[in-house]
Amino acid sequence: SVQKFGAQLDRNRLSERSLLAAIAEPMISLDADLKVLLMNQAAQNLSGWDVGDAVGLDYRQVFNLQTSDDQKAVDNADPFALALAHKATVSTNNLHMVRTKDKLKIPLDISVAPSFNQASDVVALVAIMRDISKQQELERQRNEFVSTASHEMRTPVATIEGYIAMAANPKTATIDARA
């Protein structure tokens with residue numbers, strides 16, 4: 001009976017690891033004290049931390065989240081604390097992570113969902129993170145293109161408008177017999 005239970009537990013751990021490995025987006029799980037329980041390979045790649053070193057640490061040591069003005073994400077800016085406090089899923093895309101090893105700023109889309117026990121207490125948080133650097137760069141390029149195109153169109157349009165205004169003005173548009 002103990003051997004069967006042990007084998008079942010091993011199978012559960014294996015299937016849990018397989019499930020985590022199959023998720024392409026960075027995923028982490030925290031306990032109710034905001035300490036790292038699990039991280040998939042994508043989260044390890046994103047953070048630069050090995051799961052063996054990260055487990056048991058406060059997530060803020062592993063994922064240094066900051067606001068757009070480079071302040072630590074605390075209180076109402078911390079999606080993990082908000083999900084824990086409100087017992088609800090919290091999503092945000094206005095934070096970036098400063099990676100420890102190379103100080104690279106990585107903008108993230110983060111969704112944090114609480115996991116409950118039978119007494120409706122939050123026992124864990126599961127977060128999916130997505131690096132949105134490429135999206136933000138494409139948005140920046142699009143805005144730059146629209147701005148440039150708009151500026152380039154203004155000059156000839158202003159000239160055409162000037163000629164139309166002159167042609168529509170009876171004082172400048174009339175031609176005398178001599179002309």
Side-chain angles (χ1 to χ4, degrees), residues 9 12-150:
L9 193 57
N12 287 347
R13 285 186 185 140
L14 183 61
S15 64
E16 187 177 84
R17 285 191 194 116
S18 299
L19 182 63
L20 276 177
I23 298 172
E25 300 291 342
M27 194 235 62
I28 64 168
S29 179
L30 309 178
D31 64 17
D33 295 324
L34 302 180
K35 298 205 181 327
V36 176
L37 293 172
L38 296 168
M39 288 172 45
N40 68 355
Q41 187 61 50
Q44 292 177 68
N45 295 343
L46 175 69
S47 68
W49 280 76
D50 181 79
V51 67
D53 296 330
V55 168
L57 293 178
D58 187 294
Y59 90 92
R60 290 166 280 228
Q61 290 178 265
V62 180
F63 295 93
N64 180 12
L65 298 179
Q66 297 183 356
T67 59
S68 57
D69 57 355
D70 296 329
Q71 300 298 312
K72 283 208 174 289
V74 294
D75 302 326
N76 287 337
D78 184 342
F80 295 93
L82 288 172
L84 188 62
H86 297 296
K87 296 184 177 185
T89 299
V90 174
S91 296
T92 182
N93 64 358
N94 58 2
L95 296 176
H96 62 268
M97 180 192 83
V98 178
R99 190 161 47 200
T100 306
K101 67 180 180 181
D102 54 12
K103 303 298 181 208
L104 181 67
K105 283 185 186 180
I106 304 167
L108 297 173
D109 185 335
I110 304 170
S111 182
V112 183
S115 179
F116 303 96
N117 63 12
Q118 290 181 340
S120 296
D121 298 319
V122 176
V123 292
L125 297 169
V126 177
I128 301 288
M129 301 178 170
R130 200 163 47 92
D131 180 348
I132 55 173
S133 304
K134 289 178 185 166
Q135 272 181 287
Q136 286 188 346
E137 177 59 20
L138 288 173
E139 183 69 17
R140 186 196 64 76
Q141 288 176 358
R142 186 188 71 77
N143 290 341
E144 188 177 300
F145 172 77
V146 168
S147 175
T148 302
S150 173

Working to the nearest 0.5 Å, report the span between [atom1] of [X] and [atom2] of [Y].
X    : Y    : atom1 : atom2 : answer
S115 : D121 : OG    : CG    : 11.5 Å
E25  : D131 : CD    : CG    : 9.0 Å
W49  : L57  : CH2   : CG    : 5.0 Å
L38  : S29  : CG    : OG    : 5.0 Å
I28  : I110 : CD1   : CD1   : 8.0 Å
L95  : D109 : CG    : CG    : 10.0 Å

Identify the heavy atoms of [X] and [Y] that sit nearest to each other, and give their distance.
X    : Y    : answer
P107 : K105 : CD-O, 3.7 Å
S111 : T89  : OG-CG2, 3.9 Å
A32  : L84  : O-CD2, 3.4 Å

Side chains of [X] and [Y], heavy atoms from C-beta outward: is any pair under 4.5 Å?
X   : Y    : value
N94 : T67  : no
D70 : V98  : no
L65 : F80  : yes
N45 : P26  : no
V36 : Q61  : no
T92 : L82  : no
L30 : V112 : no

Are the side chain of [X] and the backbone of [Y] linked by a donor-acceptor contact shorter than 3.5 Å?
X    : Y    : value
N40  : M27  : yes
K87  : F116 : no
N117 : A119 : yes

- So which of M129, H96, M97 actually passes side chain to side chain contact (heavy atoms under 4.5 Å, CB included) with I106?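 Among the candidates, only M97 passes.
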- Message: Counting neighbours of CG on D102 that are heavy atoms of other residues, nucleotides or ligands and sit closer than 6.0 Å, is the number greater than 12?
- Response: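 It does: D102 CG has more than 12 such atoms within range.
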- Item | Residues R60 and D58 bridged, charged N to O under 4.0 Å | yes
- Message: Taking side chain to side chain donor-acceptor pair (under 3.5 Å) as the criterion, tell me which of D78, D33, D31 meets it with Y59.
- Response: D78
- Would you check, one step at a time, whether the test side-chain contact (heavy atoms from CB on, under 4.5 Å) holds for N64 with K72? CA-CA 8 Å; N64 180 12; K72 283 208 174 289; 3.1 Å; yes
